[in-house]
Amino acid sequence: QVQLVESGGGLVQAGGSLRLSCAASGRTFGRYCMGWFRQAPGKEREFVCYISWSANSTYYADSMKGRFTISRDNAKNTVYLQMNSLKPGDTAVYYCAARGATWGSRDVRDYDYWGQGTQVTVSS
């Protein structure tokens, strides 16, 4: 069982930056691939990025490449999402998720555990 708690969301102006954190409980955090997803009002949950359990592989949705960076610290049971050059279109609730596999996935159905989400609002 893994419990995930996101933090770091807030209100930022377009062009600004935020760093989200996701703290995980459990001793087996290092065995999980971690992903970030987001969901805007009235839209489906959307893949953002993932990082493999060993942190040697990352993958980003095209619209986030070059602006977002995912990282993890297995000693702290925490995964991070650094978001730069934010746009109003990035406004959403951001969720972290854990997948009990070596490699990640872009499909929400492939993740076993989810956090409660943190709101990110980007003003123009």
Side-chain angles (χ1 to χ4, degrees):
Q1 189 81 4
V2 176
Q3 292 185 328
L4 305 173
V5 179
E6 301 96 335
S7 62
L11 174 64
V12 63
Q13 289 188 333
S17 299
L18 281 175
R19 188 173 87 151
L20 306 183
S21 299
C22 173
S25 65
R27 300 177 181 177
T28 60
F29 174 74
R31 299 179 186 177
Y32 288 84
C33 176
M34 299 299 296
W36 284 97
F37 291 77
R38 68 185 187 185
Q39 189 166 17
K43 295 187 177 181
E44 294 186 350
R45 195 163 295 189
E46 174 189 25
F47 169 76
V48 174
C49 57
Y50 69 69
I51 186 167
S52 63
W53 68 272
S54 63
N56 63 359
S57 177
T58 58
Y59 187 85
Y60 298 87
D62 287 344
S63 61
M64 288 75 169
K65 287 180 182 177
R67 299 190 301 125
F68 291 9
T69 303
I70 188 172
S71 61
R72 67 189 296 164
D73 186 338
N74 287 346
K76 295 182 178 180
N77 280 12
T78 303
V79 62
Y80 305 96
L81 181 64
Q82 177 67 43
M83 304 186 294
N84 299 327
S85 302
L86 284 163
K87 307 173 183 179
D90 294 318
T91 295
V93 177
Y94 283 72
Y95 299 89
C96 70
R99 179 172 188 241
T102 303
W103 300 104
S105 169
R106 294 174 290 177
D107 192 335
V108 298
R109 296 168 295 182
D110 290 334
Y111 287 79
D112 305 301
Y113 303 101
W114 292 84
Q116 83 290 348
T118 185
Q119 176 70 47
V120 172
T121 303
V122 184
S123 63
S124 58

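Treat the numbers as computed from the prediction; the structure is a model and nothing was measured.
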Distance in Å, Leu81 CG paired with Met34 CE, rounded so as to fall on 0.5 Å steps:
11.5 Å

Indicate yes or no for a side-chain donor-acceptor contact from Asn74 to the backbone of Trp53 under 3.5 Å, with no hydrogens or angles considered.
yes

Do side-chain atoms of Tyr60 reach the backbone of Ile70 as a donor and acceptor pair under 3.5 angstrom?
yes

Could you tell me which non-hydrogen atom of Ser52 sits nearest to which non-hydrogen atom of Cys33, and how far apart they are?
CA-SG, 4.1 Å

CZ (Arg67) with more than 12 external heavy atoms under 6.0 Å:
yes

Indicate, with yes or no, if Tyr50 and Tyr80 share a hydrophobic cluster defined by side-chain heavy-atom contacts under 4.5 Å among Ile, Leu, Val, Met, Phe, Trp and Tyr.
no

Spacing of Gln3 atom CD and Asn77 atom CG [to the nearest 0.5 Å]:
12.5 Å

If you measure from OG1 on Thr91 to CD on Gln119, what distance do you get to the nearest 0.5 Å?
7.0 Å

Here the pair of heavy atoms bringing Ser124 nearest to Ala14 is CA-CB, 4.4 Å

Please report the shortest heavy-atom distance between Leu4 and Cys22, naming the atom on each side.
CB-SG, 3.9 Å

Would you name the heavy atoms of Phe29 and Val79 that are closest together and state the gap between them?
CZ-N, 4.2 Å

Within 45° cone of Tyr95 ring axis and under 6.0 Å: Arg45 NZ or CZ
yes

For the backbone of Leu20 and the side chain of Glu6, can you confirm whether one donor and one acceptor N or O come within less than 3.5 Å of each other?
no

Geometric class of the Phe47/Tyr59 ring pair [parallel <30°, tilted 30-60°, perpendicular >60°]:
tilted

Closest approach of Leu18 and Gly8, non-hydrogen atoms and distance?
CD2-O, 3.8 Å

If you measure from CH2 on Trp36 to OG1 on Thr118, what distance do you get to the nearest 0.5 Å?
7.5 Å

Going by heavy atoms in the side chains, are Met83 and Asp90 under 4.5 Å from each other?
no

Does one side chain, of Arg38 or Tyr94, offer a donor that lies under 3.5 Å from an acceptor on the other?
yes

Do Lys65 and Asp62 meet the salt-bridge criterion of a basic N to acidic O distance under 4.0 Å?
yes

Could you give the distance from OG (Ser21) to CZ (Arg72), rounded to the nearest 0.5 Å?
13.5 Å

Is the side chain of Tyr111 donor-acceptor paired with the backbone N or O of Ser105 at a distance under 3.5 Å, no angle test?
yes

Return the minimal non-hydrogen interatomic distance between Ala23 and Thr78, and the atom names on each side.
CA-OG1, 4.2 Å

Examine Val93 and Phe37 and state if one hydrophobic cluster contains both, with Ile, Leu, Val, Met, Phe, Trp and Tyr joined whenever side-chain heavy atoms are less than 4.5 Å apart.
yes

Distance (rounded to the nearest 0.5 Å) between Thr28 OG1 and Gln1 CD
10.0 Å

